[in-house]
Visitor: 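Below: one structure in structure tokens.
To find a chain, count down the sequence lines: A is the first, B the second, and so on, and within it residues start at 1. The structure presented is a predicted model; accordingly, all values stated were derived computationally and were not measured.
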Protein chains: 2
Amino acid sequence: MIRLLLADDEDLVRGALTALLELEEDLVVVAEASTSTEAVRLALEHRPDIAVLDLEMPPADGLRAAEQIRAELPTRVVLVTRHARPGVLRRALAAGVRGFVPKTTPAARLAEIIRDVAAGRRYVDPDIAASALTEGDCPLTERELEVLRASRTGASISEIAAQVHLAPGTVRNYLSAAMTKLGAGSRHAAAHRAWEEGWI
Amino acid sequence: MIRLLLADDEDLVRGALTALLELEEDLVVVAEASTSTEAVRLALEHRPDIAVLDLEMPPADGLRAAEQIRAELPTRVVLVTRHARPGVLRRALAAGVRGFVPKTTPAARLAEIIRDVAAGRRYVDPDIAASALTEGDCPLTERELEVLRASRTGASISEIAAQVHLAPGTVRNYLSAAMTKLGAGSRHAAAHRAWEEGWI
DNA sequence: GCGCCCAGATGACAAATGTCACCAGACCGG
DNA sequence: CCGGTCTGGTGACATTTGTCATCTGGGCGC
């Protein structure tokens, strides 16, 4: 019997996935979480064999939760995501995630993937893997990513500066560098671009 | 026995919802669609009692599909959405949708909601309904919405002008008006705001 | 016809933004 | 200790953006 932790912030989806997986006789959902922090807490408490985490989850994303779980437990992590972007896959694998499943995967496959991972194998969506291999790595520094993230809501330079605790001029420099690297004409275009690539 | 059409572009979610609903003895999923056009086609073919449509679905969104289904069939439509924004609810009700369910709804409620709708009642998520009632309607004109939509990717004024076939100065005027109405300091902030409200 | 309104356009102006060159500490290998 | 490198910061400058007053031409009631 494979014991599962299921985390997804959308109750409807999480509940539906539970229903789907409980149909399998060798799988049992022992805990459900709706936030990344709750996922970590419940993982420590229940020590499941596999943690199935949604990537898009407040307050920290599923990747952070995966890292924390992996740091403490032998639990294997399967990440499920809507926007399966190459950059995310790269980060996920670096974090030691054992399965990477976009939500475009047929539902019937999920149980098989979980069994594979439980058996020690890895699963990575073939399409994403292919594009991750052909695409270049993220050229941006951590700081550049930070200011780009902060500019996604349309904030002004000074607002971004306040958010990231930097001087406005410095923020402009980072943004300028990021824009050059991404070939964008404005920080907003750069932020959009970086998001599409899965870098923020 | 209530016959259902289920449409969601994410196979995993759609399959999981099918599993969830098939657990109910009085519900049966007679067709599954992964695009809005397929949803309309299958609805005409199978004439289900209820169509459960995801709002976020290519190529046209679930709202369009709902309108088309309603125009041809007595089928009742339940919309499921991730970003349950007041403006969207407003448009959905105007399109004759009978149920409006954000994905934050507990999974166990979905079957009840479907039975309610099948029985002729309506269901609207209480939280969204409340904010839709307290919030004002979209104050933006069609043109203002158009230029805001075009600016979402971070395009420059001249690029937007080319997209919407207007002079750059005119685009600036519309953007300026939109920013004033939304209390935003830049068009990017305004676009973000308008998106959050469900207006674009 | 006449006046009125409205979408679209223009031009002038101030403020915000992006570019660039350069400075000051901190940190590190040698 | 020294030079190299990295992060953070500053100031000058050209462009872009946002604001506002104003113009133009077409529809429309009368």
Visitor: Taking CD1 from B:Ile157 and P from C:dT17, how many angstroms apart are they, rounded to a whole number?
Guide: 13 Å
Visitor: Could you tell me whether the phosphate oxygens of D:dG9, OP1 or OP2, come under 4.0 Å of any side-chain nitrogen or oxygen in A:Thr170?
Guide: yes
Visitor: Going by heavy atoms in the side chains, are A:Leu93 and A:Phe100 under 4.5 Å from each other?
Guide: no
Visitor: Measure the distance from CG on A:Leu182 to C1' on C:dG18 and round it to the nearest whole Å.
Guide: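 Interatomic distance, CG of A:Leu182 to C1' of C:dG18: 15 Å.
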Visitor: Among D:dT17, C:dG8, D:dG8, which is the nearest nucleotide to the side chain of A:Leu166?
Guide: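 Closest nucleotide among those given: D:dG8.
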Visitor: What nucleotide, of C:dG8, D:dT10, C:dT19, holds the atom closest to the side chain of A:Ser176?
Guide: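 Nearest nucleotide to the side chain: C:dT19.
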Visitor: Between P on D:dT16 and NE2 on A:His188, what's the gap in Å once rounded to a whole number?
Guide: 15 Å
Visitor: On DNA chain C, compare the nucleotides closest to A:Gly169 and B:His165; which residue's is nearer the 5' end?
Guide: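 First, find each residue's nearest nucleotide; the 5'-ward one identifies B:His165.
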Visitor: So what does B:Thr180 touch, heavy atoms closer than 4.0 Å: a base, only the sugar-phosphate, or nothing?
Guide: nothing
Visitor: To the nearest Å, give me how far apart CG (A:Leu175) and C1' (D:dT16) are.
Guide: 15 Å
Visitor: If you check the B:Arg172 side chain, which of D:dG9, D:dG11, D:dT19 turns out closest?
Guide: D:dT19
Visitor: A side-chain contact here means heavy atoms from C-beta on lying under 4.5 Å apart; do A:Leu175 and A:Ile157 qualify?
Guide: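 Of all side-chain heavy-atom pairs linking A:Ile157 with A:Leu175, at least one is under 4.5 Å.
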Visitor: Can you tell me if A:Arg64 has over 12 outside heavy atoms packed within less than 6.0 Å of its CZ?
Guide: no
Visitor: For B:Met179 and C:dA16, give me the distance from atom CE to atom P, rounded to whole Å.
Guide: 11 Å
Visitor: Just do the side-chain hydrogen bond (donor to acceptor under 3.5 Å, both in side chains) check on A:Thr104 and B:Glu10 with the steps written out, would you?
Guide: CA-CA 5 Å; A:Thr104 51; B:Glu10 292 165 353; over 6 Å; no
Visitor: Could you state the CD-P distance from A:Glu144 to C:dT19, rounded to the nearest angstrom?
Guide: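 A:Glu144 atom CD is separated from C:dT19 atom P by 12 Å.
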Visitor: Counting the atoms with a prime plus P, OP1 and OP2 as sugar-phosphate, which does A:Ser158 contact under 4.0 Å by heavy atoms, base, sugar-phosphate, or nothing?
Guide: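 Answer is nothing: A:Ser158 stays at 4.0 Å or more from every strand.
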Visitor: Side-chain N or O of B:Arg143 versus OP1/OP2 of C:dA7: is the shortest distance under 4.0 Å?
Guide: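 So the side-chain polar atoms of B:Arg143 never come under 4.0 Å of the phosphate oxygens OP1 or OP2 of C:dA7.
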Visitor: D:dG18 P sits how many Å from B:Ile160 CD1, rounded?
Guide: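 Result: 8 Å.
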Visitor: Looking at D:dT7, C:dG11, C:dG18, which one has an atom nearest to any side-chain atom of A:Tyr174?
Guide: D:dT7
Visitor: Is any side-chain heavy atom of B:Trp199 less than 4.5 Å from a side-chain heavy atom of B:Leu145?
Guide: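 The answer is yes; the side chains approach within 4.5 Å.
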Visitor: Side chain of A:Asn173, heavy atoms from C-beta onward: which of C:dA21, C:dG18, D:dT17 has the nearest atom to it?
Guide: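 Closest nucleotide to the A:Asn173 side chain: C:dA21.
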